[in-house]
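Report on the following structure.
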Amino acid sequence: MIDIPKIYDPKEAERHHYARWEERGYFAPEINANPEAPVFTIVIPPPNVTGSLHMGHALQHTMMDVLTRHKRMCGYRTLWLPGTDHASISTQLMVTRQLKKEGLSRHDLGRDKFVERAWQWKREHAGQIMRQIRREGASVDWSRERFTMDEELSRAVYEAFVRLYDEGLIYRGNRIVNWCPNDQTVLSDLEVLRDPQKGKLYYLRYPFKDRDGAITVATTRPETMLGDTAVAVNPNDERYAEVIGRKLILPLLNREIPIVADEFVESEFGSGAVKVTPAHDPNDYEMGLRHNLEQVTVIDQFARMTEAAGAEFAGLDRYQARDLVIEKFESLGLLEKVIDYEFSISKCERCKTVLEPLISTQWFCRMDQLRDLALRKLRQEGKPRFVPQVPYEKVYSDWLENLRDWTISRQLWWGHQIPAWYTKDGDVIVARSVEEAKAKAGTGELKQDEDVLDTWFSSALWPFSTLGWPDETEDLKTFYPTSVLITARDIIFLWVSRMVMTGLKFIGKEPFDDVYVTGTVLDKHGQRMSKTKGNGIDPLEVFDKYGVDATRLTLASVGSTDTRWNEKQVESYRNFANKIWNAARFCLLNSEGAEAVEHAFAGGPANFPLHDRWILSRLNKTASEVNAQLDTYDFHGAVQSLYHFFWDDFCDWYIELSKATITAENDSPERNIARARLISILEQSLRLLHPFMPYLTEELWQRLPVNHSQFLPRVYANAQPTIMLAAYPQCDEALVDERAETEMQAVIDLISRVRNIRSEMNIKPGDRIELLIAAKSDLQSVFAASSDQIARLTRAAQVSIDGQVEMPKTSARAVLAGGAEVAVPLEGLIDFAQERARLSREKDKLQKESDKLESQLANPDFVARAPSDKVAELRARIADIAQRTVALDQVLEALR
RNA sequence: GCCCGCUUGGCUCAGUGGUAGAGCACUCGCUUCACACGCGAGGGGUCAGUAGUUCGAAUCUACUAGCGGGCACCA
């Protein structure tokens, strides 16, 4: 006899199957030998090499794997391509930290050695997240794993850079940028964090040059006044109309600065006059350009005051300088007032340092043309298609419309060094390689730009650089555009939009048909999980505690809406996994004699017993639902359909209904065919479940006494049987049987009502009862055919069925839909009062429902305007209730 | 300031014009020969509020309130 534990141990299954799938090459698209097969492609959003798996990854990977496994089983050639990105800033941060422990700075090491250390660090750490992805069960094709700094992908980066430069879409310029004084690099607008702060607003007086009095300006950053080169007012502000053009004396430095008029200034705010610091504020920078103002840099790249700030300030930290400025204004009587003020401050997304706007020379990518490509694609062809469309399509297009040029250089060493070289004369040569640069320059004396590119620049090329671009590889032709991108909403701008733009630019096709935006798993208080808050849940710990499959079901259920983490939910899916395990255990313990399971339902359903026709109908409807749900990214709905089918239909009813035949001692053909059918339904259910629960389903499927290769399409002729390559069940319309479902429902209702009587009349579970059933001809034959099962499931010793039955007075009764009645004789046991109360409650319920329906029907507008089938349906329901009410009245009368 | 989302039983969430659902929690009864990570039977919601559209609204529209998010920022 087979020995199967009562409790499913997920670790056992997780240990074995993944390695086997991977070794045998099942994840690679080549496993499908049909060159005509449709193609399904996903590229993974590359995690940082520095990172480890968090809940967001687990969520996205679950959905990607569900889709990939589903399509693979549906006969597609599927490619899910894994990889990581090099994460310039964070990796450099990590390596720098490591060096610091050795008492070294990156400059002590020098660029080459530093980069070598970074590679070493990458080799040591990339393995971790790759192991974690394996643990998830992700069916990614490891043979195509990529890293953004691989030679091939780097080639794509340089190619893209050169092409964009040659077209004038990349340029080098001197502009105001977001500078991180800690990381010592520029950041793009998207890497800036806006952090609300409680601060102060300082009102400073600037005296006129040639007359008494002063103009008051308000500022949150007094130290920047040292770099002021003007004061601006609104041209329509009458208060200041006559001072426009006059000169002020900038206190502390005694610099002469003009009063200019600019529409940007809002008269209502502060004093209505704005100090202008072109070198240290983006808006002032713009204003400075409009009025030809001098740019005086008073803060340096370390956020310290420069010589230009004056001898007293030079070398001070910006915050020390602030205090000193205020102190001096106060002593000069030029500090009008200081008020509390809330505003947002720009911080570095990674290290949270307050950024310093600085003017510096950087490389930029012009976005106007690229943006237009993306917008046109969206407006004319609706691509890519966002799911859910609301609100993401609008979020995406709104952002594109207001797009500014992208700062792509970074003052870092780890990353793609900008492929620009400078000659001694200062000429710039942009080329794919140093050799090409030398050839272009006609000289070997070149110095390469020190900076590297923003990591997102290489990520933007990911959907095609990973497939071999710029070469026209077979992979590129076959797998691009990819089918769907699954990602979190916070990188729609950083990443999704940029991939679309580069894809359209370089390939002429959008990189993916669909973009599915997942919801976010929040903590139990509704807060986003984050490292700094320390409220994150480690998916690996959840895997350990509840199993990977249960975790996957939980995450798939999140879908596209934010959901609070609820461990009880995982527990319930763990229980579901155990339920599946035990259902299979039952089937296996009763599998002796079951032969040719794949032919268990041969011969068509016409002569099958009701419960077989019913479960086939339910199974095929479920297959239909789940296929449709997965095609529309309704992960939550698919999980619900599967859960309901397996637990409620298959376990609670089909298995129970089958037991009468299956557990028979004798080796009869009826018993054996019923056993085969039970296993067949289980086998198909496992295939339906597999994309969500890969480990459990493989484990059980392998144990089934079936000819496994029968379920594998021919294109896998050389593969060992595995459920992951078996065909995904499709709906066979011929097996959808509404009549069987209606009839089965009547049987289920009957059994439920009798159980209700047993419970309410306090009949002991072990006590056998007698059932008297009265039903009209059609229902009568249905009940008659199922009488053994009815007896078993109501624990009845005897079941009598007839058209008309004399119901004993001492019986508990129930009136069913369709006018059927059931009585449970309870000689001497029945409490008349209790039974009357029970039936009255039931009658009240019916009455309430009937009243509601009647009032609807009483409305002439309803009858006139509602669709006729709705009206008919209503009438039928009323009639049924009326019939049942009459019957109930008779029973009540008899109990008097 | 602009834009968006959410508000359904104690909790976490489904449900998008026609009889309010699930899981968990709760009550009662069960060591019934797959499963106590279980089985059977129950209780519990005027679907945030107001007004409207409609024969009919949890579902569509408008407004209000609360919560959450995005974007732009006022120095």
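Predicted model only: the values in this text are computed from it and were never measured. A note on names: the letters A, B, ... follow the listed sequences, proteins ahead of strands, and every chain is numbered from 1.
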Of all the nucleotides listed ([options]), which has the minimum atom distance to the side chain of [X]?
X	options	answer
A:C651	B:A75, B:A34, B:G18	B:A34
A:K568	B:A25, B:G40, B:U12	B:A25
A:N756	B:A34, B:C73, B:A41	B:A41
A:F862	B:C35, B:C13, B:G18	B:G18

Base [N] to side chain [X], donor-acceptor N/O within 3.5 Å cut-off:
X	N	answer
A:S759	B:C28	no
A:Q569	B:A22	no
A:K579	B:C35	yes
A:R585	B:C35	no

Gap between atoms [atom1] and [atom2], on [X] and [N] respectively (whole Å):
X	N	atom1	atom2	value
A:Q197	B:A75	CD	P	12 Å
A:I757	B:C28	CD1	P	23 Å
A:I492	B:G70	CD1	P	12 Å
A:D869	B:G17	CG	C1'	14 Å
A:R574	B:C37	CZ	P	8 Å
A:W647	B:A36	CH2	P	11 Å
A:W399	B:A72	CH2	C1'	14 Å

Mind checking who [N] pairs with, Watson-Crick or G-U wobble, both distances under 3.5 Å?
N	value
B:U54	none
B:C33	none
B:G68	B:C4
B:G40	B:C28

What interatomic distance, in whole Å, is found between [atom1] of [M] and the corresponding atom of [N]?
N	M	atom1	answer
B:G18	B:A57	P	11 Å
B:C24	B:U31	C1'	24 Å
B:G70	B:U59	P	28 Å
B:G10	B:U16	C1'	26 Å
B:A41	B:U7	P	31 Å

Hey, which of these two, A:L522 or A:E760, hits RNA chain B nearer its 5' end, going by closest nucleotide?
A:L522

Residue met sooner reading RNA chain B from 5', once A:D652 and A:I763 are mapped to nucleotides:
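Here A:I763 is the residue nearer the 5' end.
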
[N] phosphate, OP1 or OP2: any side-chain N/O from [X] under 4.0 angstrom?
X	N	answer
A:S850	B:U19	no
A:K852	B:A20	yes
A:Y341	B:A75	yes
A:N402	B:C71	no
A:N762	B:C28	no
A:R564	B:U12	yes
A:K659	B:A34	yes
A:W565	B:C11	no

Passing option when A:F645 is tested against A:V626, A:I615, A:L689 for side-chain contact (heavy atoms from CB on, under 4.5 Å):
A:I615

Are A:Y573 and A:Y546 an aromatic pair by the rule of ring centers under 6.0 Å?
no

Flag yes if more than 12 heavy atoms outside A:R768 fall under 6.0 Å of its CZ atom; otherwise flag no.
yes

Is A:N234 reaching over with its side chain to a backbone N or O of A:F264, donor-acceptor style, under 3.5 angstrom?
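Side chain of A:N234 to backbone of A:F264: no pair is present.
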
